[in-house]
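The following block contains the structure, expressed as structure tokens.
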Number of protein chains: 2
Amino acid sequence: MDSASAAASAPAPRTDALTLEVVELIGTVVARYHDEYEEAAAQHSLTGAQARVLGLLTLEPMPMRRIAQKLKCEPSNVTGIVDRLEVRGLVERRPDPADRRVKLAAPTAQGRETARRLRDSLDFAREPLAQLSTEERTVLRDLLRRMLGEAG
Amino acid sequence: MDSASAAASAPAPRTDALTLEVVELIGTVVARYHDEYEEAAAQHSLTGAQARVLGLLTLEPMPMRRIAQKLKCEPSNVTGIVDRLEVRGLVERRPDPADRRVKLAAPTAQGRETARRLRDSLDFAREPLAQLSTEERTVLRDLLRRMLGEAG
DNA sequence: TATTGTTATACTCTATAACTATA
DNA sequence: TATAGTTATAGAGTATAACAATA
């Protein structure tokens, strides 16, 4: 069934009670996850955006432009976020040997340590998931994978 | 086992690969949900916060103070958000007959219509969940319920 | 010419503190 | 006196446009 005929004739999936409830539950998960993330960041005197950039750079140093792509924001915003992380000694800008226009942002030792403690303080993994058995977590993983289309 | 001894001796649940993957998948869901919500809001020239308040008031008119509690922000912020919704004719402030200090924020007819179109443009319910059968959605619902501790 | 990062500007969201009008 | 809402202020994130250095 193509999307046009589905929209025209069939009842949309979102209108059934089961789908609506799942969407609402996902909304609750999203809200809780977001709140916990902001709270964990605040405990280290970081904003959510600063924590996200620091976590990103801990995986791999990258050009300012690429950070903006990851954050889905304009490159001009990244300048300020990295500025504030740099002032606090958590991140540094390095020249890119291959292209002198590019600046590579990389975490300092202190930045990596802060990122590590930040990850540890995210209780989201423990609290709600601890209530599920290994088998149930496997089922949940597979359902989420399929929901997200395997690609992630 | 109390939390102190758990932290000191037992391996934390978050360290196993399965839990980490589920957490990462949830993170992906959260990011996608958030992006879609912001995009849908922007299509109606609303910010995320404005869209959330409008959606909230569509369920039930409420005092400014209560909006702040729902948004988990300071009451002073709500003044500005409702101001901007009111200028655009989407929301209005009404006196509370029972307490003259209170102002009840309520959506206008146009506000309700905008909120309705906003809900319809949220594809999150259709796209990812459409890939799951009714049975699978039921399993997902039950797992999310248990994860969130039944209370929601 | 095109691209990278930055600056300048303006708007929104946010918290804090002080103010007003009610209770 | 306590509470509801507002105002004033300052910091942070955001997009847009214009700029310098480099490709």
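None of the values given here were measured: they were computed from a predicted structure. The sequence lines fix the lettering, A, B, ..., with proteins before strands; numbering per chain opens at 1.
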Would you say the side-chain atoms of A:Gln131 pair up with the backbone N or O of B:Gly149, donor to acceptor, closer than 3.5 Å?
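Here the side-chain-to-backbone pair does not exist.
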Please state whether the phosphate of C:dT6, meaning OP1 or OP2, lies under 4.0 angstrom from any side-chain nitrogen or oxygen of A:Lys103.
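Indeed, a polar side-chain atom of A:Lys103 lies that close.
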Should A:Arg100 be listed as having a side-chain N or O under 4.0 Å from OP1 or OP2 of C:dG5?
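For C:dG5, OP1/OP2 do not have a side-chain N/O of A:Arg100 under 4.0 Å.
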Write down the distance between CZ (A:Arg88) and C1' (D:dA12), rounded to a whole number of angstrom.
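Taking atom C1' of D:dA12 as the reference, CZ of A:Arg88 is at 13 Å.
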DNA chain D: A:Ala98 or A:Gly80, which has the more 5' nearest nucleotide?
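Result: A:Gly80.
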Please answer whether the main-chain N or O of A:Leu143 pairs with a side-chain N or O of B:Glu136 as donor and acceptor at a distance below 3.5 Å.
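Pair absent, no side-chain N/O of B:Glu136 close to backbone of A:Leu143.
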Check every strand shown and say whether A:Thr47 touches a base, only sugar-phosphate, or nothing at a heavy-atom separation below 4.0 Å.
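Sugar-phosphate, no base atom in range.
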Spacing of B:Glu86 atom CD relative to C:dT12 atom P, expressed in whole Å:
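Checked: the CD to P distance equals 15 Å.
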Which residue lies toward the 5' end of DNA chain D, B:Arg66 or A:Leu71, if each is placed at its nearest nucleotide?
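Between the two, 5'-proximity favours B:Arg66.
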Using a distance-only criterion (donor-acceptor N/O pair, under 3.5 Å, no hydrogens), is the base of C:dT16 paired with the side chain of B:Ser76?
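Answer is yes: a donor-acceptor pair is held.
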Between D:dA12, C:dC13, D:dG5, spot the one nearest the side chain of B:Thr79, thanks.
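Looking only at side-chain atoms, B:Thr79 lies closest to D:dG5.
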Given 3.5 Å as the limit, does a donor-acceptor pair link the side chain of B:Arg141 with the main chain of A:Val22, or not?
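Side chain of B:Arg141 to backbone of A:Val22: no pair is present.
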From the list C:dG5, D:dT7, D:dA4, which nucleotide is the closest neighbour of the side chain of A:Pro63?
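In terms of side-chain proximity for A:Pro63, the closest of C:dG5, D:dT7, D:dA4 is C:dG5.
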Check the distance between D:dG13's P and A:Arg52's CZ and give it to me in whole angstrom.
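Checked: the CZ to P distance equals 9 Å.
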Could you state the CG-C1' distance from B:Asn77 to D:dA8, rounded to the nearest angstrom?
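Rounded to the whole Å, the gap is 13 Å.
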Base, sugar-phosphate, or nothing: which does B:Arg93 touch, judged by heavy atoms less than 4.0 Å apart?
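The residue B:Arg93 makes sugar-phosphate contact but no base contact.
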Can you tell me the distance, in whole Å, between the CG atom of A:Asp99 and the C1' atom of C:dT4?
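So the two atoms are 7 Å apart, to the nearest Å.
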Roughly how many Å is it from CD1 in A:Ile67 to P in C:dT6, rounded to a whole number?
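It is 9 Å, rounded to the nearest whole Å.
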A:Asp83 CG to C:dA8 C1', straight-line distance once rounded to whole Å:
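It is 14 Å, rounded to the nearest whole Å.
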Indicate the atoms forming the closest heavy-atom contact of B:His44 with B:Arg88, along with that distance.
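That closest heavy-atom pairing would be O-NH2, 3.1 Å.
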From C-beta outward on B:Cys73, which listed nucleotide comes closest to its side chain: D:dT6, C:dT12, C:dA15?
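From the listed options, C:dA15 comes nearest.
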Should A:Asn77 and A:Leu71 count as side-chain neighbours, where that means a heavy-atom distance under 4.5 Å?
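Side-chain contact under 4.5 Å: no.
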Just how far, in rounded Å, is C1' of D:dT6 from CE of B:Met64?
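Going from B:Met64 (CE) to D:dT6 (C1'), I get 9 Å.
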Distance test, side-chain N/O of A:Arg101 to OP1/OP2 of D:dA21, below 4.0 Å:
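False: A:Arg101 side-chain N/O out of range (4.0 Å or more) of D:dA21 OP1/OP2.
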For the side chain of A:Glu74, starting at C-beta, report the closest nucleotide among D:dA15, C:dT12, D:dT6.
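Nearest to the side chain of A:Glu74 among the choices is D:dA15.
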